[in-house]
Structures are given as structure tokens and as C-alpha cells.
Amino acid sequence: DGGITQSPKYLFRKEGQNVTLSCEQNLNHDAMYWYRQDPGQGLRLIYYSQIVNDFQKGDIAEGYSVSREKKESFPLTVTSAQKNPTAFYLCATHSGNTIYFGEGSWLTVV
Amino acid sequence: EDQVTQSPEALRLQEGESSSLNCSYTVSGLRGLFWYRQDPGKGPEFLFTLYSAGEEKEKERLKATLTKKESFLHITAPKPEDSATYLCAVQANYKLSFGAGTTVTVRA
């Protein structure tokens, strides 16, 4: 079954902890993205990657880190430096004229 | 800086009552304008991509149009299942910038 898989769907983090959100795709797309969505706000770009071993900061990269060691995988680490990490995180891939999204991961700081 | 503004923020419609959503944008070098539908707690679902002024695309009760400064999503004779948040996004190079969305509620 082709698509984008994000895991976990729900994640609880204690303050001061780093957590990693997984994003895996089997669509063979080069470009991948991470967005954050807060209630009543649009999606905000955290990081994006056009090819393996290369990535760029988006509009709100502070407190986040990524890696792109494989074409299929683009994990996002939410570090303790991120002051307000509770949000809905969306991974996406881009090919041609369409951008596809995963089902998202909910992160809550407790 | 790329900017995308959607209006209204919320729209309540009676079933069968047609309406339009607006997406105005400023971007350097538009490569595409995208419309998505998002249901609560789900990832956005792709609807349309528009590339140039004058272009129109349709899907069931939805029709998207594009000018040089804005795009409209027309909902014709909506049904309750059309209730969702509709997101607009513009692409410049590899960066995709989103508006805050319009939440549409259709009452039976």
C-alpha cells in the first residue's frame, strides 16, 4: 500500500525530553517536508528536504532537527529547546504537481 | 516573504446554499496554487493544483479558479459531508506556504 506513514499517532513528552517523530514514504518522491499545525492557524513549515543528505530550515526551525539519510525517511526530532512543542505535526512529500500528506502525529507535553 | 490570506475564517451554510472561499496571495515566482480539504485530526487531502491565471478546475461540487492575485473555491449546492476546513497553499521553488484555512459547516 503506497503512501506516507507517520508514527506514532499520539505521543506524550515530559518537559526537557527530546522526542523523534517518524515519517516514511514509499512513493519514491525526492522532496519531503515537516509542518506544524496549531488550532486556528495554518500549517507552518519547520524543515524541508529536496534530496538525500540535504535539508533546509523553514519558517519555524528553532528547537527542531531533522536528518535525511535515506530517500524514504525524514525523521523530525523535537528538542527540549522547543518552548511550546504541543501541536499536530504533518509530514508531506512532493512530486510533480501534487503534495501528499501523512495522517499526522499529535505531540503533547505533560 | 510569501503570504497567503484566506477569508472568511469560518462559513456556515445551509444545505444547497452555494458560496465561495477566497485565497489571496503574494509570492515571488508562483509555481502552483493548491487547495486541500482537511477533516479534524486528519492530514490534508489534495483537491486541486492551479498554475496560471484564468485556469479553472472542478471536482464534484467544488470549482477552483485562479487570478494573478487570488484564487476562489466555489462550493455549489453543498451537502453536510462538505463540512471541513479548506486550506490554500502557494508554492515558490520548493517551499509551500499555507493560509490559515476556512472552516465550512454545512447544516442539513
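Every chain is numbered from 1, with letters handed out A, B, ... down the list of sequences. Heavy atoms only: backbone and side chains are in, while hydrogens, waters and symmetry mates are out.
Linking Ile, Leu, Val, Met, Phe, Trp and Tyr residues whenever their side-chain heavy atoms come within less than 4.5 Å places Tyr33(A) and Phe46(B) in a single cluster. Side-chain heavy atoms closer than 4.5 Å link hydrophobic residues (I, L, V, M, F, W, Y) into clusters, and following such links, possibly through other members, connects Val78(A) to Val66(A). A single hydrophobic cluster is not seen to contain both Ile4(A) and Leu21(A); linkage of ILVMFWY side chains at heavy-atom distances under 4.5 Å, directly or through other members, places them apart. Cluster membership for Leu62(B) and Val106(B), using ILVMFWY side-chain heavy atoms within less than 4.5 angstrom, is shared. Follow the hydrophobic side-chain contacts under 4.5 Å out from Phe101(A) and you reach Tyr10(A) in the same cluster.
Shown here is Lys57(B), whose NZ atom has more than 12 heavy atoms of other residues, nucleotides or ligands within 6.0 Å. Residue Gln3(B) qualifies as open at atom CD: its count of foreign heavy atoms under 6.0 Å is 12 or below. Applying the 6.0 Å contact sphere to NZ of Lys42(B) captures no more than 12 heavy atoms from other residues, nucleotides or ligands. In Gln17(A), the CD atom is crowded: over 12 heavy atoms of neighbouring residues, nucleotides or ligands sit closer than 6.0 Å.
The shortest heavy-atom contact between Gln38(B) and Phe88(A) is NE2-CE2, 4.0 Å. Taking every heavy atom of both residues into account, Gly43(B) and Leu90(A) meet most closely at CA-CD2, 3.7 Å.
Of the atoms belonging to Glu45(B), not a single heavy atom falls under 4.5 Å from chain A. When heavy atoms are compared at a cutoff of 4.5 Å, Phe48(B) does not approach chain A at all. When heavy atoms are compared at a cutoff of 4.5 Å, Glu103(A) approaches chain B by way of both its backbone and its side chain. Interface residue Leu43(A): backbone and side-chain heavy atoms are both found under 4.5 Å from chain B.
Among the residues in residues 13-32 of chain B, none has a non-hydrogen atom closer than 4.5 angstrom to a non-hydrogen atom of chain A. At a heavy-atom separation below 4.5 angstrom, chain A is approached by Leu87(B), Gln91(B) within residues 66-92 of chain B.
Of the possible donor and acceptor atoms, one in the side chain of Tyr36(B) sits under 3.5 Å from a partner among the backbone N and O of Ile99(A).
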